[in-house]
Protein chains: 2
Amino acid sequence: MGKDAISNQIRNLRFHHNEMTQQQLADKAGVTRQTIVAIEKGNYSPSLELAFRIARVFGKPLEEVFQYDDKQ
Amino acid sequence: MGKDAISNQIRNLRFHHNEMTQQQLADKAGVTRQTIVAIEKGNYSPSLELAFRIARVFGKPLEEVFQYDDKQ
DNA sequence: ACATTATGTATAGTTTATTTTACATGTTGT
DNA sequence: ACAACATGTAAAATAAACTATACATAATGT
């Protein structure tokens with residue numbers, strides 16, 4: 001829906017995880033590399049299901065990977 | 001994306017919150033009642049942004065409202 | 001008996017997420 | 001200099017989320 005309300009730590013987490021590449025993350029999450037690029041760059045935010053899968057790849061709770069930036 | 005991988009506690013939470021109605025939740029979350037109905041019934045799962053907004057209405061962390069059911 | 005409210009269902013239309021394909025760039029190793 | 005790899009960008013196509021409208025039903029109160 002929105003544009004920039006949601007931020008994420010994907011890039012940081014990739015490097016803290018065996019220097020995981022975009023393609024590797026895409027494979028483990030079951031999506032295309034383009035999807036990872038778009039989310040990582042903030043072009044759009046993922047579906048809830050994909051957000052859960054990405055968080056699960058990193059073994060982190062969802063809210064440590066994705067943050068909702070309150071714009072009051 | 002998926003169909004039934006994600007479950008939620010919306011219905012329970014509505015009743016634990018002042019008997020909040022679907023319409024009231026929809027208004028507070030900034031969506032249509034149809035969207036709440038569809039999510040509550042599991043027709044589809046919300047976007048990550050909407051999931052955050054709904055959780056915020058109930059004052060709960062996202063993962064207390066939505067659960068990812070591991071299908072291994 | 002009637003009006004009101006909350007919910008469920010359905011369908012068509014719009015917007016956003018995701019895929020597919022393709023090309024460009026900088027880096028690394030040989 | 002060349003190949004291989006990681007990343008960024010872009011555009012067209014498909015799928016999924018979301019809106020708008022409308023109708024049906026059961027429950028509640030007057």
Side-chain angles (χ1 to χ4, degrees), chain A residues 1-58 60-71, chain B residues 1-58 60-71:
Chain A
M1 306 186 82
K3 187 111 283 177
D4 39 11
I6 289 184
S7 59
N8 69 78
Q9 309 303 319
I10 295 183
R11 189 151 205 131
N12 294 334
L13 287 165
R14 280 201 300 116
F15 290 120
H16 290 341
H17 261 259
N18 292 339
E19 301 279 335
M20 183 184 294
T21 184
Q22 288 177 334
Q23 184 65 63
Q24 292 171 327
L25 173 55
D27 291 343
K28 293 192 181 190
V31 291
T32 319
R33 184 176 69 90
Q34 294 317 310
T35 301
I36 299 298
V37 174
I39 294 170
E40 197 172 301
K41 300 231 88 187
N43 292 359
Y44 51 75
S45 48
S47 66
L48 180 57
E49 183 172 351
L50 178 52
F52 268 119
R53 293 210 304 269
I54 291 175
R56 204 147 134 285
V57 168
F58 293 124
K60 301 265 184 187
L62 192 150
E63 312 197 23
E64 269 183 50
V65 183
F66 298 94
Q67 291 83 34
Y68 183 67
D69 303 327
D70 256 329
K71 49 171 63 166
Chain B
M1 310 183 79
K3 186 110 284 174
D4 40 9
I6 289 184
S7 60
N8 69 78
Q9 308 304 318
I10 295 183
R11 188 150 206 135
N12 295 334
L13 287 166
R14 281 201 299 116
F15 290 119
H16 290 342
H17 262 258
N18 294 337
E19 301 279 333
M20 183 183 294
T21 185
Q22 289 178 335
Q23 185 65 63
Q24 292 171 325
L25 173 56
D27 291 344
K28 294 192 181 191
V31 290
T32 319
R33 183 175 71 91
Q34 293 319 310
T35 301
I36 299 297
V37 173
I39 294 170
E40 197 172 301
K41 302 232 85 189
N43 293 359
Y44 51 75
S45 47
S47 66
L48 180 56
E49 183 173 351
L50 179 51
F52 268 119
R53 292 210 304 269
I54 291 175
R56 202 147 135 285
V57 168
F58 293 124
K60 300 265 183 187
L62 192 150
E63 312 197 23
E64 269 183 50
V65 183
F66 298 94
Q67 291 84 33
Y68 183 67
D69 303 328
D70 257 329
K71 48 171 65 165

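First the proteins, then the strands, lettered A, B, ... as listed; each starts at 1. Computed over heavy atoms, backbone and side chain alike; hydrogens, waters and symmetry mates excluded.
In this structure, the CD atom of B:Gln22 is 16 Å from the C1' atom of D:dC18, given to the nearest Å. Atoms OH (A:Tyr44) and C1' (D:dT14) sit 13 Å apart, rounded to a whole Å. Across the protein-nucleic acid pair, B:Arg53 atom CZ and D:dA17 atom P stand 15 Å apart, rounded to whole Å. A straight line from CD1 of A:Ile6 to P of C:dA17 spans 9 Å, rounded to a whole angstrom. For the pair A:Asn43 CG and D:dA11 P, the computed distance is 13 Å after rounding to whole Å. Between B:Ile39 atom CD1 and D:dC18 atom C1' there is a gap of 9 Å when expressed in whole angstrom units. In this structure, A:Asp27 places its CG atom 15 Å from C1' of C:dT18, rounding to the nearest Å. Computed from coordinates, the B:Glu40 CD to D:dA17 P distance equals 17 Å when rounded to whole Å.
No hydrogens or angles were tested; on distance alone, a donor-acceptor pair under 3.5 Å links the side chain of B:Gln34 to the base of C:dA10. Side-chain to base pairing of B:Gln23 with C:dT5: no donor and acceptor N or O lie closer than 3.5 Å to each other.
Residue-level contact check: A:Thr32 touches the bases, meaning some heavy atom is under 4.0 Å from a base atom.
Put simply, B:Arg14 has a side-chain N or O that comes within less than 4.0 Å of OP1 or OP2 on C:dT7. Side-chain nitrogen and oxygen atoms of B:Ser45 include at least one within less than 4.0 Å of the OP1 or OP2 phosphate oxygen of D:dA17. At the phosphate of C:dT18, OP1 or OP2 sits under 4.0 Å from a side-chain N or O atom of A:Ser47. Note on B:Arg33: every side-chain N or O is 4.0 Å or more away from OP1 and OP2 of D:dA22. When the side-chain nitrogen and oxygen atoms of A:Thr35 are compared with OP1 and OP2 of C:dT19, one or more of them lie within a distance under 4.0 Å. Proximity of A:Thr21 to the phosphate of D:dC5: no side-chain N or O atom is located under 4.0 Å from OP1 or OP2. Under 4.0 angstrom from either OP1 or OP2 of D:dT9 there lies at least one side-chain N or O belonging to A:Lys41.
For the atom pair CG (B:Asp69) and CZ (A:Phe52), the distance works out to 9.0 Å, reported to the nearest 0.5 Å.
The nucleotide whose nearest atom lies closest to any side-chain atom of B:Val31 is, among D:dC18, C:dT7, D:dT7, D:dC18.
Put simply, the side chain of B:Ser47 gets close to the backbone of B:Leu50: a donor and an acceptor are under 3.5 Å apart. With hydrogens and angles ignored, the 3.5 Å screen pairs no side-chain donor or acceptor of B:Glu64 with any backbone N or O of B:Pro61.
When side chains are defined from C-beta on, B:Asn12 does not count as touching B:Phe58, because their heavy atoms never get closer than 4.5 Å.
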The test is side chain to side chain contact (heavy atoms under 4.5 Å, CB included); show your working for A:Lys28 and A:Met20 and say whether it passes.
CA-CA 11 Å; A:Lys28 293 192 181 190; A:Met20 183 184 294; 4.0 Å; yes
